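Start at 1 with the first residue, then count along the sequence. The structure presented is a predicted model; accordingly, all values stated were derived computationally and were not measured.
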Amino acid sequence: MTPALPARRPLQITPCSIAVGTCALFAFLHVAAILAAGPGETPLHNPVGLAVLAVFMPLTTGATEAARMLPLFQAYAAAKLLVVLAMTAAVAGTCRPPARHRPPLLAAQLLCVTILDALPFHLLLAVQLAMLLPWRRGLAWLAAQYLLGIAMDVYLVLDLAQRMAQPPQWPLLAYLSAERLVLAAGFLFGHLVQREHRMRHALASAHGQLLATQSLLTETVRGAERLRIARDLHDVLGHHLTALNLHLDLAARQAGAAAPAALQTARDVSVDLLAQVRGVVTHHRHDQTIDVAEALRVLCAGVPSPHPELHIDADAARLPAPVAHALFCSIQEAITNALRHARASRLTVHLSVRGGMTVARVADDGVGMGDAAEGNGLRGMRERLTDLQGDVRLERGIRGTVVELSVPGSPA
């Protein structure tokens, strides 16, 4: 079994890499701003700063202000660094499958942005909520993020008023609450980006399917043309050669012993030519196979992500036209289902011949189908293969789905 290696693709910038890079940039700038300010100039009235003060101050009772400044600054910078590193790690993990790990990682991000209380990190999370979650669930997470941010702002305003022995600065709270409305804009931007990404993905897949169908149709047309030529050879040339043989036999009998040697040679050549024509016709009638391997290569090459790994047995590269068409359409449907519903990171297609049966296996490592009912796509696959005495078998699991298609028939 020889795997069909696709052409080498250029490095692509994915939304995941953009999210991780953006988070790393925000983290660097956030920590760099703290280090640039230095001891005594860094504002500590934020969740991390208040937590460091609450832990650090009892440990330095009796120390002078100058003696406290540097250790306090170092503890604050270290705490900030840990939180931004945790945020970056959570962003990197959220982008990777399996999808069931996303809610805990998104919750970790929500905790980090609430602790950091920095608008750029909040905005990054809002964009991810739109791109990684369904519309309604993403809105619910966005509302929770906004309310947690408002609660943190209320706590900081009240704490500042208590420390300064002044009335709470409600206009400041109103400004901060209005400023957080930018999260809605980030969420909408993420939704539009994800929608555009899905449309481009669907367009690329449709283009690949169109090219694959065109390749299969071209092979079918070639087979039909070869069959037409074979029929013409049989009906026209074969008929005239048979008539020529009959006339040569008649001429040989009429000439009797006086028949020249050239007449017998002509008859032998005519009989041999008729046998060759019949052999060519028989070969073309039985050689009605289609290069399904090429059609599958074109189909898989058109799938942008995840790019299917294609493995085709040499004996299964060319199949009879009905078998090739049924398997191609069924494999195409199985790949489409995996792309739409599985949210997989790996997709493999195997095509082989086992015991007179042509078997195709489409496997993914996505979320699996569980006990979900079969849709129209699977029913269509089953009906298409049943017409050829074939079968469809599903292996459903939590960590992926395997669709096995089997149909009698192999290359002659």
With sequence neighbours left out, the residues meeting side-chain hydrogen bond (donor to acceptor under 3.5 Å, both in side chains) with H325 are none

Side-chain polar contacts of residues 161-175 - donor-acceptor pairs under 3.5 angstrom, sequence neighbours left out - could you list them?
residue: R163; atom: NE; partner: D159; partner atom: OD1; Å: 3.4
residue: R163; atom: NE; partner: D159; partner atom: OD2; Å: 2.6

In short, salt bridge (charged side-chain N to carboxylate O under 4.0 Å, His left out) pairs touching residues 174-189 with sequence neighbours left out are D117-R180, D153-R180

Residue pair R382, R393: steps toward the side-chain contact (heavy atoms from CB on, under 4.5 Å) verdict:
CA-CA 9 Å; R382 197 177 297 279; R393 188 169 63 90; over 6 Å; no

Hey, does V359 have a side-chain heavy atom less than 4.5 Å from the side chain of E404?
yes

Sorted by chain and number, sequence neighbours left out, salt bridge (charged side-chain N to carboxylate O under 4.0 Å, His left out) with R200 holds for E196

side-chain contact (heavy atoms from CB on, under 4.5 Å) filter on L210, not counting sequence neighbours, yields none

Practice prompt. Verify side-chain contact (heavy atoms from CB on, under 4.5 Å) between L125 and W141, making sure each step is shown before the conclusion.
Written response: CA-CA 10 Å; L125 177 58; W141 277 77; over 6 Å; no

In this structure, CG of L139 is separated from CG of L133 (nearest 0.5 Å) by 10.0 Å

Closest heavy-atom pair, S352 versus D313, reported as atoms and distance to 0.1 Å, is CA-CB, 3.7 Å

inquiry  = What verdict does the side-chain contact (heavy atoms from CB on, under 4.5 Å) test give for L72 and L44, after you've listed the backbone C-alpha separation in whole Å, the side-chain angles of each residue and the deciding distance to 0.1 Å?
reply    = CA-CA 10 Å; L72 179 63; L44 299 178; 3.7 Å; yes

Query raised in the report: Is there a side-chain contact between V362 and V402, using heavy atoms and a 4.5 Å cut-off?
Result: no

Partner of L148 under side chain to side chain contact (heavy atoms under 4.5 Å, CB included), picked from V113, L111, T114, is T114

CG (N337) and CD (E333) are apart, to the nearest 0.5 Å, by 4.5 Å

Salt bridge (charged side-chain N to carboxylate O under 4.0 Å, His left out) filter on E294, not counting sequence neighbours, yields R297

With no hydrogens and no angle check, do the side chains of Q128 and T94 hold a donor and an acceptor under 3.5 Å apart? no

Tightest non-hydrogen contact, residues A79 and V52, listed as CB-CG2, 4.1 Å

Between D315 and V353 the two heavy atoms that sit nearest each other are O-CG2, 3.8 Å

Sequence neighbours excluded, the answer for side-chain contact (heavy atoms from CB on, under 4.5 Å) partners of A108 is A90

Taking side chain as C-beta onward, heavy atoms only, is H45 less than 4.5 Å from L50?
yes

For T336, the side-chain hydrogen bond (donor to acceptor under 3.5 Å, both in side chains) test, sequence neighbours excluded, returns Q209

Applying side-chain contact (heavy atoms from CB on, under 4.5 Å) to T348 and not counting sequence neighbours gives E309, R346, H350, A363

Residues passing the side-chain hydrogen bond (donor to acceptor under 3.5 Å, both in side chains) test with Q145, sequence neighbours excluded, are H122

On a heavy-atom basis, the closest approach of S330 and L405 is CB-CD1, 3.5 Å

CD1 (I115) and CE (M87) are apart, to the nearest 0.5 Å, by 11.0 Å

Contacts of A324 meeting side-chain contact (heavy atoms from CB on, under 4.5 Å) (sequence neighbours excluded), chain-then-number -> I290, V292, L319

query = Would you call H30 and L116 a side-chain contact if the rule is heavy atoms closer than 4.5 Å?
reply = yes

CZ of F26 to CG of L119, rounded to nearest 0.5 Å, is 9.5 Å

Heavy-atom closest pair (M131 atom, G190 atom, distance to 0.1 Å) is CG-O, 3.3 Å

**Prompt:** Are any of the side-chain heavy atoms of V403 and V392 separated by less than 4.5 Å?
**Reply:** yes

### Query
Side chains of N46 and Y76: does their closest heavy-atom pair fall under 4.5 Å?
yes

**Prompt:** Between F187 and W135, does a ring-ring contact (aromatic ring centres under 6.0 Å, His included) hold up when you go through it step by step?
**Reply:** CA-CA 10 Å; F187 183 85; W135 176 256; 5.5 Å; yes

A77 and L35 have their tightest heavy-atom pair at CB-CD2, 4.3 Å

Sorted by chain and number, sequence neighbours left out, side-chain hydrogen bond (donor to acceptor under 3.5 Å, both in side chains) with Y146 holds for none

Rounded to the nearest 0.5 Å, the CG atom of L299 sits from the CD1 atom of I331 at a distance of 8.5 Å

Rounding to 0.5 Å, atoms CG (L327) and CZ (R384) come to a distance of 10.0 Å

Next item on the list: May I ask you to test the T386-E383 pair for a side-chain heavy-atom distance under 4.5 Å?
Entry: no

| said: Could you tell me if the side chain of L156 sits less than 4.5 Å from the side chain of M152, heavy atoms only? | reply: yes

